[in-house]
Protein chains: 2
Amino acid sequence: MTARKPVRYNPSRPSPDDALIGPPRTPNTVGPTITDVAREAGVSAATVSRILNGRHHGDPAIRDRVQATALALGYVPHGGARSLVTRRNGALGVLLPNLFGEFWVEFLRGIDDTSRERGIHLLATSSHADPVQLRNAAAAMRGRVDGYLIVAPGNRADDVITMLAQTAPVVVVGIDARASGAPSLMIDNAAGARAVAEHAMSRGFRHLAMITGPETNGDAIARRDAFRAAIACAGDDVTLTEFVGDFSQDSGWSAAHTMLAHPRRFEFCFACNDSMAIGAMSAFRDAGIRVPESLAIAGFDDVPMARYLTPALTTVHVPIEELGRRAMSMLISSVVKGAPAKPTVQLITTTLIVRGSTVMESKGPS
Amino acid sequence: MTARKPVRYNPSRPSPDDALIGPPRTPNTVGPTITDVAREAGVSAATVSRILNGRHHGDPAIRDRVQATALALGYVPHGGARSLVTRRNGALGVLLPNLFGEFWVEFLRGIDDTSRERGIHLLATSSHADPVQLRNAAAAMRGRVDGYLIVAPGNRADDVITMLAQTAPVVVVGIDARASGAPSLMIDNAAGARAVAEHAMSRGFRHLAMITGPETNGDAIARRDAFRAAIACAGDDVTLTEFVGDFSQDSGWSAAHTMLAHPRRFEFCFACNDSMAIGAMSAFRDAGIRVPESLAIAGFDDVPMARYLTPALTTVHVPIEELGRRAMSMLISSVVKGAPAKPTVQLITTTLIVRGSTVMESKGPS
DNA sequence: CTGGGGTGGGCAAACGTTTTCTCGGGACCG
DNA sequence: CGGTCCCGAGAAAACGTTTGCCCACCCCAG
């Protein structure tokens, strides 16, 4: 008896031994085939195929009979066989980074809605922080998807994207992938970060802190750099001190504690995403620091939760769901056209939403 | 020219015209085939197949040569062709309800991690509130997945589940599907709700409010009923007033406003999930009501955010990620065994986590 | 009435893979 | 030295679907 090899993580192999589980060779568990329908309806399989795909132009009586038979038998075409001959899968691969926080639900909703409207399946997987994992995940999807939506890849993933983009349509969210030949959607992080900086200045804050995001995340870097640059233009009496985070609530909490131990008394804190802002606010609360009176704080993303915090969070609104929606639309039209889209960069505009965490206010959810 | 039929939503059809998009008949865009590898390595396709699947027991030199060739060519087996002959897809279907709130990120992480560990793909889709949508989504996945994970189906989805469970392994999360022949994982909502009730009593609260969840959600119903029952046992001097919500933050906010307009002065509010609790807390804050001094509030789920709220939210801890993990494990082992698992019900235990929204406290994230 | 054109539908090939069967060769034992 | 057995690898069938090609039939016109 030759037992199956245990599935192991081995990036050097072209990953052929993935994913096939279950008892070998269980005959026909899959349901009726097109041949069954054809026999039952007294026509050929070709006719059934043409009718069910709307390519039939003949006798309406036959059409109705075949459709009725298919319905009665509960026939559903076998996707694998179909994609084998048509060379199209009707599915798209979605490669996400680590799943943490409300941001991703919003984003997933956008892409799921769009793909569902178009009758397209989604093969999704997450946790592809490093290029090797990304390559493996993409390889595993090969032959099952018609295109890839790559979200927030690390900044060393260029060659993987290049390789992928040569074989299938690819849309990248979060970094500029023009060099890899793939169109990109990017949040206008710079504008958002600048808006936060200007807001802070206009309120007269002089000693600013920033909680940065993970080094591997393009959005995090862009926000940090733009904020730095904006502050640098401000004048010598304005200081900026940076604390490292990783986009998680916990890291925001820790960064806030480090911040409190710092000799300088900060007046304003910019967290590079909302999750960290939430963690930091919690730490400030525990330390007895009043927000915004003693320390104002702003985030980035405007997750739904932001307006419900106490105080409500000033943040940069990102149309997260629309971002997903547009990325998916772009990918779909690229697949439909059969050619990769022009490797352009679309910028998703952001808007500063001022709430109670930077100014005193009293009213409900805006 | 016979244009393709536009994709339309038509539940009465066996949904054959789904999901195939793109230019018809683009020849070999998919990459090298097993035949290419075989020719290049000077062996037969059968040998390549055996080697790459670890079923080869012959000459190691051949094995190395074939593996090297496959790697060099970047060969990845065509999933469709493979599943056609093996009758296994290496993919599982995940059917989710509407995607809102942090709960689902946690859950998705659990199932994604588990499936990725096993090298299994995930076909996911959401928004199958009503049985028809559920049936359609499941039908579209047929022939592409080896089993289904159905999460929080509406309470009228029994026959759909029954049908599905006859053709493939199914695991249901959120309702008792024993009658449909599928094993279920359920949160111990009753114990959690009782714990909240007891906590409220022990703090001496007499006038209680509850914000209920959607009628179509099994968890929501179970929490409501258990809370009702626990309060009913309490004695005549304890009152319970119910306000309707739908698990969204907005609905919690609205329910809280209705609550404030109620003549009775409530001392304790139980929101049937954390999202609504967050919305309600925000409304209370806006109304100038101090939590917990004037009104205590508790939620359910213990999403990561809960501990970071101001005040931190007393809630019933649900091991969400583990729930996803266990559901996926159960489904996988059912698929591996090739037989549906025993239609049992596994109860996921819950724990009350007392934080600042019901008692005065001062320390950081617990 | 007959021939031709148009059309409806069947036949068969092809997609890429796994797996059974079969064949050939080498080694070991008698 | 010869026969038998075992092992390794190739040939080929099969999976379920789509689609190009061709045949046959029907209808209409000459």
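Protein chains get the first letters and strands the later ones, always in sequence-line order, with residue 1 at the start of each. Note that the coordinates shown come from a computational prediction; the quantities given were computed from them, not determined experimentally.
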Interatomic distance where [atom1] belongs to [X] and [atom2] belongs to [N] [whole Å]:
{"X": "B:His78", "N": "D:dT17", "atom1": "NE2", "atom2": "C1'", "answer": "12 Å"}
{"X": "B:Asn53", "N": "C:dG16", "atom1": "CG", "atom2": "P", "answer": "17 Å"}
{"X": "B:Asp36", "N": "C:dG16", "atom1": "CG", "atom2": "P", "answer": "8 Å"}
{"X": "B:Arg39", "N": "D:dG10", "atom1": "CZ", "atom2": "P", "answer": "15 Å"}
{"X": "B:Ile62", "N": "D:dG8", "atom1": "CD1", "atom2": "P", "answer": "10 Å"}
{"X": "A:Ile51", "N": "D:dT19", "atom1": "CD1", "atom2": "C1'", "answer": "15 Å"}
{"X": "B:Arg55", "N": "C:dT19", "atom1": "CZ", "atom2": "P", "answer": "5 Å"}
{"X": "B:Arg144", "N": "D:dG16", "atom1": "CZ", "atom2": "P", "answer": "16 Å"}

Among the nucleotides [options], which one has an atom lying closest to any side-chain atom of [X]?
{"X": "A:His56", "options": "C:dT17, D:dT18, C:dG9", "result": "C:dG9"}
{"X": "A:Arg88", "options": "C:dT20, D:dT19, C:dT17", "result": "D:dT19"}
{"X": "A:His57", "options": "C:dG8, C:dT18, D:dT19", "result": "C:dG8"}
{"X": "B:Arg87", "options": "D:dA9, C:dT19, D:dC15", "result": "D:dC15"}
{"X": "A:Ile34", "options": "D:dT17, C:dG16, D:dG10", "result": "D:dT17"}
{"X": "A:Thr35", "options": "D:dA11, C:dT17, D:dT17", "result": "D:dT17"}
{"X": "B:Leu84", "options": "D:dT19, C:dG16, C:dT19", "result": "C:dG16"}
{"X": "B:Thr47", "options": "D:dA9, C:dG9, D:dA11", "result": "D:dA9"}
{"X": "B:Asp59", "options": "D:dA9, D:dT17, D:dG20", "result": "D:dA9"}

Can you check whether [X] reaches [Y] side chain to side chain, under 4.5 Å on heavy atoms?
{"X": "A:Leu96", "Y": "A:Thr125", "answer": "no"}
{"X": "A:Val171", "Y": "A:Tyr148", "answer": "no"}
{"X": "A:Leu164", "Y": "A:Arg135", "answer": "no"}
{"X": "B:Val145", "Y": "B:Asn89", "answer": "no"}

(message) On DNA chain D, compare the nucleotides closest to A:Gly80 and B:Ala46; which residue's is nearer the 5' end?
(response)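 Its nucleotide being nearer the 5' end, the pick is B:Ala46.
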(message) Applying the side chain to side chain contact (heavy atoms under 4.5 Å, CB included) criterion to A:Leu185, which one of A:Thr344, A:Leu331, A:Val173 satisfies it?
(response)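 Of the listed residues A:Thr344, A:Leu331, A:Val173, the side chain to side chain contact (heavy atoms under 4.5 Å, CB included) partner of A:Leu185 is A:Val173.
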(message) Any side-chain N or O of A:Ser49 below 4.0 angstrom from OP1/OP2 of D:dT18?
(response)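 So the side-chain polar atoms of A:Ser49 do come within 4.0 Å of the phosphate oxygens OP1 or OP2 of D:dT18, strictly under.
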(message) Salt bridge check, B:Glu40 against B:Arg65: does any charged N sit closer than 4.0 Å to a carboxylate O?
(response)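 Salt bridge absent between B:Arg65 and B:Glu40.
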(message) If I take atom CD1 from residue B:Ile150 and atom CD1 from residue B:Ile161, how far apart are they, to the nearest 0.5 angstrom?
(response) 5.0 Å
(request) Report the distance from atom CZ of B:Arg116 to atom CE of B:Met328, rounding to the nearest 0.5 Å. (result)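 Rounded to the nearest 0.5 Å, the CZ-CE separation comes to 11.5 Å.
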(message) Quick check on DNA chain C: between A:Ser44 and B:Ala81, whose nearest nucleotide comes earlier from the 5' end?
(response)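 That would be A:Ser44.
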(message) Give the dot-bracket line for DNA chain C from 5' end to 3' end: parentheses for intra-strand Watson-Crick or G-U pairs under 3.5 Å, square brackets for crossings, | for inter-strand pairing, dots for unpaired.
(response) ||||||||||||||||||||||||||||||
(message) Once hydrogens and angles are ignored, does a donor-acceptor distance under 3.5 Å link the base of C:dG8 to the side chain of A:Arg63?
(response) no
